[in-house]
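To start, the structure under review is shown below, and the notes come after it.
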Amino acid sequence: MTQTFAEVMERLGAPPPAFWENDLEMGLEHFFARSRRDGFMDEWVSRRTGRQVNVLCMNLGLDGAGSVRSKKDSLRSCDDELLPYLLVDQFAKYKSKIATIDFAKGVLADDVLETCRKNEEDFDTTALLFAIYHNSWSDLRLVFHLDKIHKSGFARMKLKDMVRRPRRNFEEFLQPETVKEILDAFDKAKGDGRTSEFKNVVIHNGHHLVFIRRAERPDLVLRAGGVVHGYRPEWIILDFADGAKRVNISSVSVSIPLEIANRLASGYFGRSCEYENESKVTYAKQLERFLDILRKQKTGELLLVEVVVLNSPLEGSPKIKITDPDSHPIGDAIGHFEKAVGGILSEIENIESIKVYYRKKRVSLIFEKVEGADDEYVVRYSDHRLNAMERRSFEDHLRDVHGIPVLSTEKRFKR
DNA sequence: CGAGACCGGGTAACTAGCCT
DNA sequence: AGGCTAGTTACCCGGTCTCG
């Protein structure tokens, strides 16, 4: 008797197909048939790392003693029990390591964590996800969501007007039914025939993260038998902080997530509320001082590795870029250029962007001129280059060491 | 000889510039 | 103004190398 995939999963107490396909966005169409091919499972088991094998043995209650090879042999006889782990392995692809480790540290027992540890700071993420799956499979959905906050940039926004904090706190307000109602009302008002799907509210580091999936632009997929028309999904993450007085927004579209955030805030505060892009002023003098320090820096936390300058002192005043792709500091090179040709960093207005080297990553900074003010700028940086923890320490570093408030290059507008 | 470290290529996310 | 393309960068996978 042959069982369907859904039946096999049910017999194992594993998640149903809809969980994998809809919640984790994994394509299952050919997975089951492929996994049943001769030798497929054997080959998959062979490719497991020692750490993954150890976690699998723990999860399946197999003898954890002996060589990795002998444990792989006993795994090969398990068959169906391994099926969900094939999917977890597939799920682990392209998931942020930092998101997985961070989450695992919160839910896994110490000895399990140690089994997955590669060295002081590194873990086998697939092994961690095997353990997380076994511990509580619905957590994979959380990992799927948390993964997103490390990979995408966020627009920093704050409430336009001062509002009194309501009696009940924001957390109580953010009930799924309430959020769904507000999303429905928004979709109706928008009238573009697309629906906003409420996916999750997660409390993370004191922030309230609201995850929404919405159809964005029309798209199509090719399948055997023809084309299927639909929409490309977009993930909207509203990261509320400070009792909803501030929100960080990650999304593809520009105005829709802002409107949704406005509606949620209006619902919570009980009056019409709007968020606006946060802007923090830095004066030209501060930036000049910052650049002076930066270009002298030969080693340290923050190194200058690229400058792009408009109206250069070269003939015809073209745009120039001085960059070191290997991320060695370019302070001396700039000094050499200025001595030989002329000044380039003295006019902040002419600086299109710079790149600094921070925690082994190249981070762009732009100095955005404040409309109508002569020497006022908003300093913005490409936050998606850094993960969520690194962003915080980068912002702290620039504020504490250089007195410069930095914001993300991401912004959201009403249309 | 097998398990784990190392490295090259691929993938994803974002930016800037061009075109409609 | 919006969409598409090419360029940039980090991270991840999988094959190869190395060490016990």
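Order of the sequence lines sets the chain letters (A, B, ...), proteins ahead of strands, with each chain counted from 1.
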side-chain hydrogen bond (donor to acceptor under 3.5 Å, both in side chains) assessment of R362(A) paired with S327(A): CA-CA 8 Å; R362(A) 294 164 72 90; S327(A) 298; 2.8 Å; yes
How long is the line joining [atom1] of [X] and [atom2] of [N], in whole Å?
X: I149(A); N: dA13(B); atom1: CD1; atom2: P; answer: 15 Å
X: Y381(A); N: dA13(B); atom1: OH; atom2: P; answer: 18 Å
X: Q90(A); N: dG14(C); atom1: CD; atom2: P; answer: 11 Å
X: I256(A); N: dG2(C); atom1: CD1; atom2: P; answer: 12 Å
X: K355(A); N: dT8(C); atom1: NZ; atom2: C1'; answer: 7 Å
X: D124(A); N: dA3(B); atom1: CG; atom2: P; answer: 14 Å
X: N387(A); N: dA12(B); atom1: CG; atom2: C1'; answer: 16 Å
X: D383(A); N: dA13(B); atom1: CG; atom2: C1'; answer: 11 Å

Side chains of D147(A) and Y94(A) only: does a donor on one sit below 3.5 Å from an acceptor on the other?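 Absent: no donor and acceptor within the cut-off.
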N22(A) and R213(A) side chains, donor-acceptor separation under 3.5 Å: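 Present: a donor and an acceptor within the cut-off.
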Ring pair (Phe, Tyr, Trp, His ring centres under 6.0 Å) for Y377(A) and F367(A)? Distances and angles first, verdict last. CA-CA 6 Å; Y377(A) 294 84; F367(A) 310 137; 7.0 Å; no
So what does R69(A) touch, heavy atoms closer than 4.0 Å: a base, only the sugar-phosphate, or nothing?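 Since only primed, P, OP1 and OP2 atoms lie under 4.0 Å of R69(A), the category is sugar-phosphate.
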Here's one to test your reading of the geometry: is the NZ or CZ of K95(A) within 45 degrees of the ring axis of F91(A) and under 6.0 Å from its centre?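 Pair K95(A)/F91(A) counts as cation-pi.
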Quick one: is the NZ or CZ of K148(A) closer than 6.0 Å to the six-membered ring centre of F144(A), and within 45° of its axis?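 Verdict for F144(A): a cation-pi partner in K148(A).
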K97(A) and D122(A): which non-hydrogen atoms are nearest, and at how many Å?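 Nearest pair, atom of K97(A) first, then D122(A): NZ-OD1, 3.1 Å.
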Of the non-hydrogen atoms in E352(A) and I366(A), which two are nearest, and what is the gap between them?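 Closest approach of E352(A) to I366(A), heavy atoms only: O-CG2, 3.5 Å.
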Which atom pairs link the protein and nucleotides 14-17 of chain B when you take only N or O atoms and keep those under 3.5 Å?
| from | atom 1 | to | atom 2 | distance (Å) |
| --- | --- | --- | --- | --- |
| dC14(B) | OP1 | G153(A) | N | 2.9 |
| dT15(B) | OP1 | T409(A) | OG1 | 3.0 |
| dG17(B) | OP1 | K319(A) | NZ | 3.0 |

For dG4(B), take OP1 and OP2 only and decide whether either is under 4.0 Å from a side-chain N or O of R48(A).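 Checking R48(A) against dG4(B): no side-chain N or O falls below 4.0 Å of OP1 or OP2.
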Both V363(A) and T125(A) contact DNA chain C. Which one's nearest nucleotide lies toward the 5' end?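 The residue closer to the strand's 5' end, by nearest nucleotide, is V363(A).
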On DNA chain C, compare the nucleotides closest to K361(A) and R232(A); which residue's is nearer the 5' end?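 It is R232(A) whose nearest nucleotide is closer to the 5' end.
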Look at atom CZ of F173(A) and say whether more than 12 heavy atoms of other residues, nucleotides or ligands are closer to it than 6.0 Å.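 Atom CZ in F173(A) is packed in, count exceeds 12.
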Taking only heavy atoms on the protein side, list every residue of residues 92-102 of chain A lying under 4.0 Å from any atom of DNA chain C, sorted numerically.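 By residue number: A92(A), K93(A), Y94(A), K95(A), S96(A), K97(A).
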